[in-house]
Amino acid sequence: YMPLQLSTGTLLMLVVSILLLWEKAASIPACMVEEGDCWDPLQETFNSAIQRAETLCNLADQLYVEFYQNQFSSRQFADLNSKLIKRDETVLKAGIYCHSTLAKPQTRGGNFEIEEHLKMLINFVGSWISPLFHLVIELSAMEGVPETILCKVKDLEENNRQLLDDLRWILTKVSPTAEIKEEFPSWEHLSFLKSSNKNNKFLAMFNLSNCLDNDTKFTLHHLRIFKCLITGKDC
C-alpha cells in the first residue's frame, strides 16, 4: 500500500480540522476518574482498535502463509500463483483487485478531512464483514479443513467485527453530530466461494488472502495516524 503523503496545503487543512475537533471536544470531559486515575475513553478505544488491527495484521499474514504451505491448499495456491505469473485474466484479477478499494480512504485535491476519512475507514473495514462471515461458513462445511486455518479465519472475523464497533464509537465521540451512510462494497468472489467447484472456492480464498493481507496493514497505518491527530498521543 502507499503510505499517506501530505502536502503543505494538506497539512494546513489538518491543522484546521484538528482545531475544529478540539472545539467539539471542549464540552466532553477529558477523562473519567477511576480509582484515583484518569481514564480517557476515547484514547482507550483507540488503543483497543489499534490492538485489534495489529491482531488482524498478524492473523492475515499467518493465514496467507498457511494457505501456501498447508497440504489442504498448497497445491491449489501454487497453481494459482503460476497462472498469475502467466497473467491468466481471471486469476490476475483475483490476485490484484480488491473489492475494498471502492471504500479506501484517499486524499482528494490535497484535502484531508478527519471526519470524512473516519467514515471511509468504517466502510473500508466493514467491507470485510460479509467475506469473512461467509468464509467461516464455507470452511466449516468443507472436508479436510485444518483446525489451524479455521481458527484463524474465525479469529479474523471476530476481531474485524469488534474493530468496526470501535470505529463507530470513535466517530460518535469525535463528531457527535456526524451522520454516516454505511455502504460496504460487495465482494464479487462470494459466488466463487459458495460454488460447488473446489477450484472456484480456492480462487476466492486466493483473492481474499491477498487483499486481506494488504488491507489490514493499511487499516493499522491509518488508525495510528488518526490516534495521533485526534488524541495527540503516540505521534
Side-chain angles (χ1 to χ4, degrees), residues 1-2 4 45-68 73 77 80 93-106 116-142 145 148-171 180-195 200-227:
Y1 65 88
M2 293 292 294
L4 191 63
T45 305
F46 262 113
N47 291 341
S48 169
I50 289 172
Q51 185 175 32
R52 296 191 199 288
E54 288 172 342
T55 299
L56 285 166
C57 278
N58 291 333
L59 287 169
D61 185 59
Q62 292 168 22
L63 183 66
Y64 178 88
V65 172
E66 189 151 5
F67 272 139
Y68 276 97
S73 51
F77 267 61
L80 287 166
K93 186 174 182 180
I96 65 174
Y97 176 75
C98 303
H99 72 290
S100 54
T101 301
L102 296 173
K104 201 168 192 176
Q106 297 174 355
E116 290 306 310
H117 270 65
L118 267 175
K119 291 178 181 179
M120 285 188 281
L121 191 62
I122 285 171
N123 282 323
F124 184 70
V125 171
S127 70
W128 284 103
I129 294 293
S130 176
L132 289 170
F133 172 78
H134 287 288
L135 183 61
V136 170
I137 292 175
E138 293 300 322
L139 286 176
S140 298
M142 284 180 71
V145 178
T148 51
I149 287 180
L150 186 56
C151 284
K152 286 182 179 69
V153 172
K154 287 180 177 179
D155 286 346
L156 279 162
E157 195 267 339
E158 175 67 16
N159 276 278
N160 190 72
R161 280 192 297 104
Q162 292 176 346
L163 173 57
L164 181 59
D165 287 340
D166 282 345
L167 287 171
R168 287 165 170 158
W169 189 90
I170 288 169
L171 178 63
I180 178 172
K181 185 176 181 182
E182 292 189 355
E183 295 178 321
F184 303 154
S186 59
W187 185 39
E188 65 181 63
H189 283 89
L190 180 58
S191 59
F192 288 79
L193 183 67
K194 290 184 171 183
S195 171
N200 287 341
K201 285 183 181 292
F202 282 111
L203 180 67
M205 293 178 209
F206 182 73
N207 169 261
L208 185 145
S209 63
N210 277 297
C211 292
L212 193 60
D213 192 48
N214 290 320
D215 284 3
T216 52
K217 293 178 176 66
F218 181 93
T219 299
L220 177 59
H221 175 70
H222 277 71
L223 274 171
R224 286 171 174 162
I225 291 175
F226 284 135
K227 182 182 178 182

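All values reported here derive from a predicted model rather than from experimental measurement. Atoms considered below: every heavy atom in the structure, side chains included; atoms not considered: hydrogens, waters and symmetry mates.
- Atom CZ in F192 sits 9.5 Å away from atom CG in N207 (nearest 0.5 Å).
- With values rounded to the nearest 0.5 angstrom, I50 atom CD1 is found 12.0 Å from T55 atom OG1.
- Heavy atoms only, all atoms of each residue included: L150 and S140 are closest at CD1-OG, 3.7 Å.
- Each salt bridge (charged side-chain N to carboxylate O under 4.0 Å, His left out) pair with one or both residues in residues 126-141, not counting sequence neighbours, appears once here: E138-K201.
- Under the side chain to side chain donor-acceptor pair (under 3.5 Å) criterion, E158 pairs with R161, Q162, sequence neighbours left out.
- Looking at residues two or more places apart in sequence or on another chain, you find a side chain to side chain donor-acceptor pair (under 3.5 Å) between D166 and S48, R52.
- Of the inter-residue distances, the one linking L80 atom CG with F206 atom CZ reads 5.5 Å to the nearest 0.5 angstrom.
- Among residues two or more places apart in sequence or in another chain, the side chain to side chain donor-acceptor pair (under 3.5 Å) test is passed with D165 by R168.
- Partners of D213 according to the salt bridge (Lys or Arg N to Asp or Glu O under 4.0 Å) rule, which considers only residues two or more places apart in sequence or in another chain, are K217.
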- Task: May I have the step-by-step check of side-chain contact (heavy atoms from CB on, under 4.5 Å) for N160 and L156, ending in yes or no?
- Result: CA-CA 6 Å; N160 190 72; L156 279 162; over 6 Å; no

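- Contact check for T219 versus L56: no side-chain heavy atoms found under the 4.5 Å cut-off.
- The salt bridge (Lys or Arg N to Asp or Glu O under 4.0 Å) check on K93 picks up E188, with sequence neighbours excluded.
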- Task: Begin with the C-alpha distance, continue with both residues' side-chain angles, and end with the deciding distance and a verdict on side-chain contact (heavy atoms from CB on, under 4.5 Å) for F226 and H117.
- Result: CA-CA 9 Å; F226 284 135; H117 270 65; 3.5 Å; yes

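- Proximity of a side-chain donor or acceptor of S73 to a complementary backbone N or O of F67 within less than 3.5 Å is detected.
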Which side-chain N or O atoms in residues 123-135 pair as donor and acceptor under 3.5 Å with protein atoms at least two apart or in another chain?
from	atom 1	to	atom 2	distance (Å)
N123	OD1	E183	N	2.8
S127	OG	F124	O	2.6
W128	NE1	D215	OD2	3.0

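- Separating the CG atom in L63 from the CG atom in L208 is a distance of 7.5 Å, to the nearest 0.5 Å.
- In this structure, I149 CD1 and L139 CG are separated by 7.5 Å, a value rounded to the nearest 0.5 Å.
- Between the side chain of N210 and the backbone N or O of A94 there is no donor-acceptor pair closer than 3.5 Å.
- Residues meeting the side-chain contact (heavy atoms from CB on, under 4.5 Å) test with N58, sequence neighbours left out: Q62.
- Without hydrogens or angle criteria, N159 side chain to D155 main chain gives a donor-acceptor distance under 3.5 Å.
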- Query: Could you go step by step and tell me if K194 and I137 meet the side-chain contact (heavy atoms from CB on, under 4.5 Å) rule?
  - Reply: CA-CA 9 Å; K194 290 184 171 183; I137 292 175; over 6 Å; no

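- The distance from the NE2 atom of H222 to the CE atom of M120 is 8.5 Å, given to the nearest 0.5 Å.
- By the ring pair (Phe, Tyr, Trp, His ring centres under 6.0 Å) test, F184 pairs with no residue at all, sequence neighbours left out.
- Classification of the F202-F77 ring pair by plane angle, with boundaries at 30° and 60°, yields perpendicular.
- In terms of the salt bridge (Lys or Arg N to Asp or Glu O under 4.0 Å) criterion, residue partners of K119 (sequence neighbours excluded) are, by chain and number, E115, E116.
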- Message: Set out, in order, the CA-CA distance, both residues' side-chain angles and the distance that settles side-chain contact (heavy atoms from CB on, under 4.5 Å) for L167 and L223, then state yes or no.
- Response: CA-CA 9 Å; L167 287 171; L223 274 171; 3.6 Å; yes

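- Shown here are the disulfide (SG to SG under 2.5 Å) partners of C57, two or more places apart in sequence or in another chain: there are none.
- With sequence neighbours excluded, the residues forming a side chain to side chain donor-acceptor pair (under 3.5 Å) with S195 are N200, listed by chain and number.
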